[in-house]
K.L.:
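Here it is, the structure, as structure tokens.
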Amino acid sequence: MLNLQQAADVVLVAAFGDRMPMTSVLALCLLALVASAEDSKLSSHATMLADNSANLAFSLYHNMVKDKGTENILISPVVVASSLGVVAMGGKASTASQVKTILRADNLKDEHLHAGLSELMSEVSDANKRNTTWTISNRLYGPSSVVFADAFVKNSKKHYNYDHSKINLKDKKSALNSINEWAAKSTNGKLPEVTKDMPNADGAMLVNAMFFKPHWDDKFNEQMVDNRGFQVTRSFTVGIQMMHRTGLYDFHEDTKNRLFALNMPLGQKQASMIIVMPYYLEPLERLEKLLTREQVDTWISKMENKAVAISMPKIGIEVSHNLQKHLADLGLTEAVDKAKADLSNISGKKDLYLSNVFHASALELDTMGNPFDTSIFGSEKLRNPKLFYVDHPFIFLVKDNKSGAILYIGRVVRPKGDKMRDEL
Ligand SMILES: *[C@@H]1O[C@H](CO)[C@@H](O)[C@H](O)[C@H]1NC(C)=O
Ligand SMILES: *[C@@H]1O[C@H](CO)[C@@H](O)[C@H](O)[C@H]1NC(C)=O
Ligand SMILES: *[C@@H]1O[C@H](CO)[C@@H](O)[C@H](O)[C@H]1NC(C)=O
């Protein structure tokens, strides 16, 4: 890929070779500048990290489903990668290098790791460009005794947008209150609580508090929202709101595996939400066993653009995970180990370990999006749509179109709502 300077050089060489007048040279230079700004590419480091964070998405998801029972899951792998970047920044020796191993970035220099992750995050979370609402607040909490090193405070803010706060962990109740209050405030009340408990209250804690609301490329009609049921299990259905629309979507029916895969573009198609749902209500274990990065790519490659009548829950879910143990399972064994952790770039002393990694998001599925293309209404194209009726547990991914980074991976198995009366 040419960078700006190279592109300009090529234009100049081409122009002078042809002995063009100076005005044409200038015009061409301007063209080259405009072209490269339009199609700004991520740096090679950011591209590599986007790709690797997609692998992290699947390994983390699989590690989490092992002990999640029937809970909702909501993780942002790119944000987890950022938090790992903070650990690398605060760590020394093998405490830091384990991060690079998890991110498959062993050969990357520190400054490229930090700059690459930072570039990736600002690209994928650019709300102005993407319309999609995504507020992300990050904090590192340390015990009252810690003295944060200036360089760490400055650099982790610069690259990872992490704030720092000291907290009296001995007073667990007020510590929890203060964390939850901060999360509620920074998400405008969308995420009222990060955690009810703090298992190890003696180390450094990383906390992400997020709110994500997709902006559909084609909005749902606000008038077409009604009350329906979402089947959690055969004997348990909750009442939810459902929104409906028929449009052209990339869709695949995997008859062998008895599932549907649907792609719903977001914003200006910079990202999309991919939904994988079994034909009928069933526990998601069977699909989760199939869920690899390759399999998802296969489903996507087999999708065809066709008329689909979508009924989607119009719901909000809030999910909070403590990722400390899961990250340890993926290889972050030192940072979480009080005896071994060397996080001395945080404080200048070997006095911290990573005691908790709270990763909390509120997700809101709403009708909001771009005005729909009315020109296809009533046309042949929308005849006999496939039905995609999302009234039972499903898996979803939010994938960045350009970099392939996974912005979210998760599952909805139990929306909030009142138990519905059996109508058998
Ligand atoms: C950690 O601190 C040392 C100096 O103590 C410094 O040379 C090194 O660059 C720091 N590492 C990071 C990732 O900031
Ligand atoms: C979406 O973002 C584009 C910029 O990419 C902007 O022009 C447009 O007004 C935004 N639309 C909405 C509904 O916010
Ligand atoms: C990715 O972006 C291109 C260009 O805007 C668009 O044509 C394509 O449909 C997008 N893909 C998805 C999956 O949204």
Side-chain angles (χ1 to χ4, degrees), residues 1-2 34-43 46-51 53-55 57-58 61 76-78 119-134 212-220 243 245-254 259-277 291-310 312 363 365-376 379 381-382 385-386 388 390 394-410:
M1 203 36 65
L2 293 181
V34 170
S36 18
E38 275 288 301
D39 141 78
S40 71
K41 289 275 185 293
L42 287 175
S43 72
T47 304
M48 184 196 94
L49 288 160
D51 193 58
S53 72
N55 293 321
F58 290 91
Y61 186 92
S76 171
V78 284
E119 184 189 343
L120 175 61
M121 204 58 229
S122 35
E123 163 71 28
V124 298
S125 64
D126 184 340
N128 286 334
K129 222 159 75 181
R130 296 175 174 243
N131 305 99
T132 285
T133 308
W134 194 10
F212 187 78
K213 179 172 173 171
H215 178 99
W216 309 112
D217 180 45
D218 283 308
K219 70 174 191 172
F220 285 80
M243 50 194 184
R245 87 173 300 267
T246 300
L248 294 174
Y249 288 93
D250 290 344
F251 177 83
H252 173 60
E253 178 172 351
D254 181 340
L259 59 85
F260 303 112
L262 175 77
N263 184 70
M264 296 176 75
L266 308 183
Q268 320 296 320
K269 296 200 164 110
Q270 296 99 334
S272 59
M273 182 178 265
I274 295 146
I275 297 178
V276 183
M277 182 176 75
L291 194 75
T292 60
R293 191 173 173 189
E294 295 69 32
Q295 182 62 66
V296 170
D297 287 344
T298 303
W299 285 325
I300 292 173
S301 72
K302 289 189 172 166
M303 285 177 178
E304 284 172 33
N305 197 257
K306 53 179 74 170
V308 186
I310 303 175
M312 270 281 273
L363 166 75
L365 300 178
D366 195 1
T367 55
M368 233 171 73
N370 301 324
F372 24 69
D373 173 12
T374 48
S375 69
I376 58 166
S379 81
K381 282 184 183 166
L382 291 185
K386 295 280 173 190
F388 191 77
V390 187
F394 61 95
I395 296 170
F396 69 91
L397 295 107
V398 179
K399 190 169 178 245
D400 183 48
N401 190 342
K402 188 158 80 178
S403 67
I406 308 285
L407 312 192
Y408 270 103
I409 185 168

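Counting starts at 1 for both ligands and their atoms, in listed order. Heads up: numbering here begins at 1 and tracks the sequence.
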K.L.:
How would you list, by chain and number, the residues with a heavy atom under 4.0 angstrom from ligand 3?
P.N.:
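Only N263, K269, S272, N401 have heavy atoms that fall under 4.0 Å of ligand 3, ordered by chain and number.
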K.L.:
Would one find more than 12 heavy atoms of other residues, nucleotides or ligands at under 6.0 Å from atom NZ of K386?
P.N.:
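Not buried by this count: 12 neighbours or fewer within 6.0 Å.
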K.L.:
Restricting to salt bridge (Lys or Arg N to Asp or Glu O under 4.0 Å), what partner residues turn up for D51, sequence neighbours left out?
P.N.:
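Counting only residues at least two positions away or on another chain, D51 forms a salt bridge (Lys or Arg N to Asp or Glu O under 4.0 Å) with R293.
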K.L.:
Of all residues at least two apart in sequence or in a different chain, which pass the salt bridge (Lys or Arg N to Asp or Glu O under 4.0 Å) check with K302?
P.N.:
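Salt bridge (Lys or Arg N to Asp or Glu O under 4.0 Å) list for K302, sorted by chain: empty.
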K.L.:
Could you tell me whether E123 and R130 make a salt bridge, using a distance below 4.0 angstrom between a side-chain N and a carboxylate O?
P.N.:
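Salt bridge flag = yes for R130 with E123.
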K.L.:
Given the side-chain rings of F251 and F260, with only the six-membered ring counted for Trp, is the space between their centroids under 6.0 Å?
P.N.:
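For F251 and F260, the ring centres are under 6.0 Å apart.
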K.L.:
The criterion is side-chain hydrogen bond (donor to acceptor under 3.5 Å, both in side chains); which residues satisfy it with D373, sequence neighbours excluded?
P.N.:
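D373: side-chain hydrogen bond (donor to acceptor under 3.5 Å, both in side chains) contacts with S375.
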